[in-house]
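Numbered from 1 within each chain, the chains take letters A, B, ... in sequence-line order.
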Number of protein chains: 2
Amino acid sequence: MSKEKPPESAALRLSLYLRHLRTMQGDGKISSAELARMVGTSGARVRKDLSYFGQFGTRGRGYVVGDLRGQIIDILGLNQEWKIALVGVGKLGTALLRYPGFRRNGFHITVAFDVNPELVEREVAGIEIRHPYQMPKTIRALGIHMGMITVPAESAQESADLLVLSGIRAILNFSPARLVVPAPVRLKNVDFTSQLEIIPYHIAETVALTGSMLPR
Amino acid sequence: MSKEKPPESAALRLSLYLRHLRTMQGDGKISSAELARMVGTSGARVRKDLSYFGQFGTRGRGYVVGDLRGQIIDILGLNQEWKIALVGVGKLGTALLRYPGFRRNGFHITVAFDVNPELVEREVAGIEIRHPYQMPKTIRALGIHMGMITVPAESAQESADLLVLSGIRAILNFSPARLVVPAPVRLKNVDFTSQLEIIPYHIAETVALTGSMLPR
DNA sequence: GAGTGTGAATGTATTCACAGCA
DNA sequence: TGCTGTGAATACATTCACACTC
């Protein structure tokens with residue numbers, strides 16, 4: 001394993017490698033060049049990415065698919081079960097409650113919270129919705145690890161505070177708000193909307209072409 | 001305007017600045033430092049990002065909110081109307097058809113396609129669904145600029161080919177498949193799932209801590 | 001004085017190219 | 001011989017610091 005620390009972007013590429021490894025026979029072999037071709041990168045990039053975390057291949061032979069797959073799953077932390085509380089059962093919240101991909105990766109949304117009385121005590125995708133005043137009690141009782149914030153920006157900080165108060169140490173923020181949390185709490189912002197907003201820019205690619213190009 | 005070309009990441013930050021500028025009075029003034037504080041970065045970064053595209057401020061005074069907002073909208077290409085055809089009315093496709101944020105940014109999903117006979121000729125969010133065999137005719141008739149692919153990986157390439165055949169020059173690929181399109185066609189891949197998959201990695205942050213940390 | 005605009009300095013990520021092992 | 005693993009070279013992005021303008 002190299003002494004270099006992985007670049008910020010390495011995890012994203014590992015997850016891409018993993019996606020392709022999952023479509024293959026576990027006892028097969030694969031070279032960095034083959035894997036690279038599948039995800040659209042270079043063999044050197046694949047080897048470098050893997051080398052940050054260990055030595056998983058055999059020189060002259062390549063990698064054993066099943067082994068490599070297992071290693072990447074470990075590196076990404078996908079071998080663990082995460083119990084999650086979702087806060088905010090609006091459009092995005094509902095979509096995430098229904099998204100089957102979470103469960104596959106060990107993300108287990110156990111309970112949801114919303115202030116809307118029409119939602120409280122109802123279920124979405126088999127997950128019970130409670131009022132936020134029950135949060136501290138519920139989160140402790142269920143042994144939940146992580147909170148997902150899918151409320152509007154205005155109430156995002158309030159939701160974060162409540163999660164922290166409930167003993168949560170990891171927060172995923174899907175709202176556009178910039179949150180402040182005490183140091184030991186891990187915070188990750190996930191921003192889908194910005195990604196969608198910059199699409200025309202990337203489609204036009206060069207600034208000079210913007211406006212003159214596609215929409216005629 | 002500086003001679004340097006903008007880094008790949010500049011557009012994403014511009015969209016963040018824009019989001020905050022939109023919440024403010026257009027005739028107000030704002031300094032790079034203030035804007036920076038709102039999005040959680042430095043004044044220098046804000047100024048540098050803007051300088052790639054022009055000179056929008058006044059020394060000693062700052063930026064006029066409305067002017068800057070307009071400039072960023074132009075840079076990101078959000079001042080144009082884009083007519084879009086969506087291919088694949090599954091979970092993600094439906095969510096995108098219903099997502100109100102597109103319309104706000106000039107993204108106008110005009111028609112959708114799906115092979116499922118139960119969907120053909122029905123509507124989702126007021127948008128008519130047609131069978132793909134009608135694609136070339138429909139796309140030309142409606143004067144559509146861009147295609148959005150939200151089908152499963154297996155049929156993504158097929159959908160892309162059909163879009164290209166229909167005269168489309170810009171494709172947004174939401175499927176995990178790596179697509180091949182002829183040179184003049186602009187292709188952008190949008191990958192939500194990978195972003196979700198690497199969450200545990202980022203939450204644990206350092207490799208050493210993975211597995212030992214949060215889920216106790 | 002206040003705050004922009006931007007080269008120059010630093011830091012980070014990617015690519016190259018080859019030594020080393022099966 | 002074939003393909004990994006990795007330091008060294010290059011390219012890219014961010015931060016610094018200050019000249020310049022209102």
Side-chain angles (χ1 to χ4, degrees), chain A residues 1-17 21 24 28-69 71-72 75 198 201-202 205-207, chain B residues 1-17 21 24 28-69 71-72 75 198 201-202 205-207:
Chain A
M1 163 138 85
S2 100
K3 263 24 179 309
E4 293 175 63
K5 80 164 202 298
E8 199 53 43
S9 49
L12 206 61
R13 288 190 302 265
L14 287 185
S15 96
L16 247 45
Y17 306 153
L21 290 169
M24 304 174 63
K29 290 221 183 65
I30 189 168
S31 71
S32 59
E34 287 176 86
L35 191 49
R37 191 168 30 71
M38 291 199 258
V39 310
T41 183
S42 73
R45 176 108 294 285
V46 171
R47 295 198 300 279
K48 190 73 170 179
D49 281 338
L50 296 173
S51 83
Y52 297 124
F53 303 98
Q55 307 190 165
F56 309 125
T58 315
R59 290 168 198 234
R61 297 287 161 73
Y63 304 86
V64 174
V65 171
D67 293 359
L68 187 54
R69 193 163 56 199
Q71 296 286 358
I72 296 180
I75 293 165
I198 62 175
Y201 175 83
H202 278 124
E205 201 164 80
T206 63
V207 183
Chain B
M1 164 138 81
S2 99
K3 264 27 178 311
E4 293 174 66
K5 81 161 202 296
E8 200 54 43
S9 49
L12 206 60
R13 287 190 303 265
L14 287 185
S15 94
L16 249 45
Y17 306 153
L21 291 169
M24 302 173 64
K29 292 221 182 65
I30 190 169
S31 71
S32 59
E34 288 175 84
L35 190 49
R37 192 169 28 72
M38 291 199 259
V39 311
T41 182
S42 73
R45 174 115 290 299
V46 171
R47 294 198 301 279
K48 189 74 169 178
D49 281 338
L50 295 173
S51 84
Y52 297 123
F53 303 98
Q55 306 190 166
F56 309 125
T58 315
R59 293 171 197 230
R61 296 287 160 74
Y63 305 86
V64 175
V65 171
D67 294 358
L68 186 54
R69 193 163 55 198
Q71 296 286 359
I72 295 180
I75 294 165
I198 62 175
Y201 175 83
H202 279 123
E205 201 166 79
T206 62
V207 183

Quick check for you: among [options], whose closest atom lies nearest to any side-chain atom of [X]?
| X | options | answer |
| --- | --- | --- |
| A/Tyr63 | C/dT6, D/dT4, D/dT6 | D/dT4 |
| A/Glu4 | D/dT14, D/dA17, D/dG7 | D/dG7 |
| A/Arg59 | D/dG5, C/dG5, D/dT15 | D/dG5 |

Practice task
Using a heavy-atom cut-off of under 4.0 Å over every strand shown, decide if B/Arg45 touches base, sugar-phosphate, or nothing.
Solution key: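 The answer is base, as B/Arg45 lies within the cut-off (heavy atoms under 4.0 Å) of a base atom.
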Practice task
Identify, residue by residue, the members of residues 8-15 of chain B with a heavy atom below 4.0 Å from DNA chain D, and return them in order of residue number, or none.
Solution key: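 Here the set is B/Glu8, B/Ser9, B/Arg13.
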Closest approach of [X] and [Y], non-hydrogen atoms and distance?
| X | Y | result |
| --- | --- | --- |
| B/Ile198 | A/Ala11 | CG2-O, 3.4 Å |
| B/Tyr201 | A/Ile75 | CD1-O, 3.4 Å |
| A/Ile72 | A/Leu21 | CD1-CD1, 3.8 Å |
| B/Asp49 | B/Leu14 | CB-CD2, 4.4 Å |
| A/Ser42 | A/Ala36 | C-CB, 3.4 Å |
| B/Met24 | B/Val65 | CE-CG2, 3.8 Å |

Practice task
Would you check, one step at a time, whether the test side chain to side chain contact (heavy atoms under 4.5 Å, CB included) holds for A/Arg47 with A/Tyr63?
Solution key: CA-CA 10 Å; A/Arg47 295 198 300 279; A/Tyr63 304 86; 3.8 Å; yes
Starting at atom [atom1] of [X], determine the distance to atom [atom2] of [N], rounded to an integer number of angstrom.
| X | N | atom1 | atom2 | value |
| --- | --- | --- | --- | --- |
| B/Lys48 | D/dA13 | NZ | P | 12 Å |
| B/Asp49 | D/dT15 | CG | P | 10 Å |
| A/Tyr52 | C/dT15 | OH | P | 10 Å |
| B/Lys5 | D/dT14 | NZ | P | 12 Å |

Handout entry: CA sep, side-chain torsions, deciding dist, call: A/Leu68, A/Leu50, side chain to side chain contact (heavy atoms under 4.5 Å, CB included)
Key = CA-CA 9 Å; A/Leu68 187 54; A/Leu50 296 173; 3.8 Å; yes
Handout entry: 5′-ward residue of the pair B/Gly62/A/Pro7 relative to DNA chain C
Key =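 Nearest-nucleotide comparison on DNA chain C picks B/Gly62.
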Problem - Of A/Gly60 and A/Arg47, the one whose closest DNA chain C nucleotide lies more 5' - result: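 Final value for this comparison: A/Arg47.
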Exercise for the section: Assess whether one donor atom and one acceptor atom, taken from the side chain of A/Arg61 and the base of D/dC3, lie less than 3.5 Å apart. Expected result: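 Per atom types, no contact qualifies.
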Problem - Distance below 4.0 Å between B/Gln55 side-chain N/O and D/dT21 OP1 or OP2 - result: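 B/Gln55 to D/dT21 OP1/OP2: no side-chain N or O under 4.0 Å.
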Exercise for the section: Evaluate the criterion side chain to side chain contact (heavy atoms under 4.5 Å, CB included) for residue pair A/Gln71 and A/Gln55; output intermediate values, then yes/no. Expected result: CA-CA 10 Å; A/Gln71 296 286 358; A/Gln55 307 190 165; over 6 Å; no
Handout entry: Residues touching DNA chain C, which here means a heavy atom under 4.0 Å, drawn from residues 28-38 of chain B
Key =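 The answer is B/Ser31, B/Ser32.
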